[in-house]
2 protein chains.
Amino acid sequence: MRAPRDGARGVPDATVARLPVYLRVLTGLGERGVATVSSEELALAAGVGSATLRKDLSHLGSYGVRGVGYEVARLVQHVGRCLGLAEEWRVVIVGIGSLGRALANYSGFAPLGTRVVALVDSDPAVVGERVAGLEVLPSSSTARVVGELGVRIAVLAVPAGAAQAACDAVVAAGITSVLSFAPVELQVPAGVELRSVDLSTELGILAFRERRRAATAGELPGELAGSAPRTGSSAGGAR
Amino acid sequence: MRAPRDGARGVPDATVARLPVYLRVLTGLGERGVATVSSEELALAAGVGSATLRKDLSHLGSYGVRGVGYEVARLVQHVGRCLGLAEEWRVVIVGIGSLGRALANYSGFAPLGTRVVALVDSDPAVVGERVAGLEVLPSSSTARVVGELGVRIAVLAVPAGAAQAACDAVVAAGITSVLSFAPVELQVPAGVELRSVDLSTELGILAFRERRRAATAGELPGELAGSAPRTGSSAGGAR
DNA sequence: GATTGTGAATTACTTCACAGCA
DNA sequence: TGCTGTGAAGTAATTCACAATC
């Protein structure tokens, strides 16, 4: 019994995953004073094909001008609004170890309308400490913090062994969007959106490709069938 | 001119992205003394459908037993070998700020056969410091380190503004697999595998879904067309 | 003339459903 | 009998290619 992969007519998942990238590129162009951009240029900068880009934007009811391109400022507004940039998405970070601290101090939150408003940790030795201008609160106050501060997103930066419990706790507190950095597969009830970023998974994927490259180059005894001379760059994001 | 999405008969990208997850779950089962597991159970724990799991494993020339399931130890070996676990993938971390330090101290590397063997930073104030048992080296020594230590993967933990230069440097040093944490779209030559993990992108995706949920629940003036009452959990990894 | 927006074709991925085997 | 492995069917995403538009 798994998630019934949408289908309801909104924006395709693959498109949603690229919107933040477009927004970032567009913002950069805007800051550099670029007024309009063609789908070709924008696609190149974002690392996708131009047809993909145009189709993606068309899902948002695009604002381009035929024969000219897209007005950068206008498109920034538009994509930003679709991503919810007009509102502020309040975030709680759970687990204030070295990763949690790095995330708390990370400056890249603001551009997409998210703001860290609370830090919690289960270790009494850490509670009360000030990190990135915020006092670390005990885990027991999670529910209260979520309710009072209007937190909508939880970022889990706890060890693998503590992740499921931490996840259950934030879900119980009413959180419906969770981003986990813990190297375990978390189970969440239907209706809770879970994304999971894991260093070892990413490295594993890179190692697989490196390995295949080596194998096809004849350096290693090829254990995998197939005869692919393909190289190919690519990939990223939240696939 | 973009990466011509493989096609050469190896293992599908989507499958590769799930292999590390399977390996992690299997390793966990093994440690808990589980000897065999059915595709149904394994799929549930990994958060995918059982048909997907079976098809994924079949791409590796699977080792299951009909009527019984998969022998955990055997499958761990097999998947691990496919992911290159038999070899050691040496990693250099570029940029020893708070994120770089957190990554250097991260214990989750080993399970997938990767090991951090070098740290470099461009800031003279950081060079020479010891982090996680390694001395931080100057950026100028990147090429030498990569060559002498046999580094195959570079992890970029530098600020956005420095990321493209850092990327160019490691590529020039001969690296063909790059994992970037910087919130910019990096350009790499064909043949270099780039994956990019970005906090603000992930949060942006979550915000989009939260927002759509709110809009369809009638809390917000629905700006997006469509009438999706869908909830659905899901997602993660690289995707 | 240039570039968007989009139906149609293609390709990739998932899911179904069942034959084949322990 | 129970569960894997896999063709066939179905769905989603990408790419092509061109008509519509400035």
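Letters A, B, ... mirror the listed sequences (proteins, then strands); counts begin at 1.
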Of the candidates D/dA13, D/dT14, C/dT3, the side chain of A/Arg18 sits closest to D/dT14
Test your reading of the model: is there a side-chain donor-acceptor pair from B/Trp89 to the backbone of B/Gly84, 3.5 Å cut-off? yes
May I ask you to decide whether B/Glu88 forms a salt bridge with B/Arg90, counting only side-chain N to carboxylate O separations under 4.0 Å? yes
Does a side-chain N or O of B/Ser39 approach OP1 or OP2 of D/dT4 to a distance below 4.0 Å, or not? yes
Tell me which pairs pass ring-ring contact (aromatic ring centres under 6.0 Å, His included) where either residue lies in residues 63-88 of chain B, with sequence neighbours left out. B/Tyr63-B/His78
Atom pair distance, as rounded to whole Å: CG in B/Leu42 and P in D/dC3: 14 Å
B/Glu40 CD to C/dC16 P: how many Å, rounded? 11 Å
Residues of residues 50-58 of chain B with any non-hydrogen atom less than 4.0 angstrom from an atom of DNA chain D: list those, numerically ordered, please. B/Arg54, B/Lys55, B/Ser58
Output the rounded distance in Å from OH (B/Tyr63) to P (D/dT6). 13 Å
Looking only at atom types and distance, does a side-chain atom of B/Glu202 sit under 3.5 Å from a main-chain N or O of A/Arg195, one as donor and one as acceptor? no
Is A/Gln77 reaching over with its side chain to a backbone N or O of A/Arg74, donor-acceptor style, under 3.5 angstrom? no
Please report the distance, rounded to the nearest Å, between CD in B/Glu71 and P in D/dC3. 17 Å
Round to the nearest Å and state the distance from B/Asp13 atom CG to C/dA12 atom P. 10 Å
In whole angstrom, give the distance that lies between atom CG of A/Leu60 and atom P of C/dG5. 11 Å
Grab the two heavy atoms, one from B/Val94 and one from B/Val158, that are nearest each other, plus how far apart they are. O-CG1, 3.4 Å
Which sits closer to the 5' end of DNA chain C, A/Gly67 or B/Val65, going by the nucleotide each is nearest to? A/Gly67
Kindly say whether A/Val48 contributes a backbone atom to a donor-acceptor pair with the side chain of A/Arg18 at under 3.5 angstrom? no
To the nearest Å, how far apart are A/Arg66 CZ and C/dT3 P? 14 Å
I need the OH-C1' distance between B/Tyr70 and C/dA22, as an integer number of Å. 14 Å
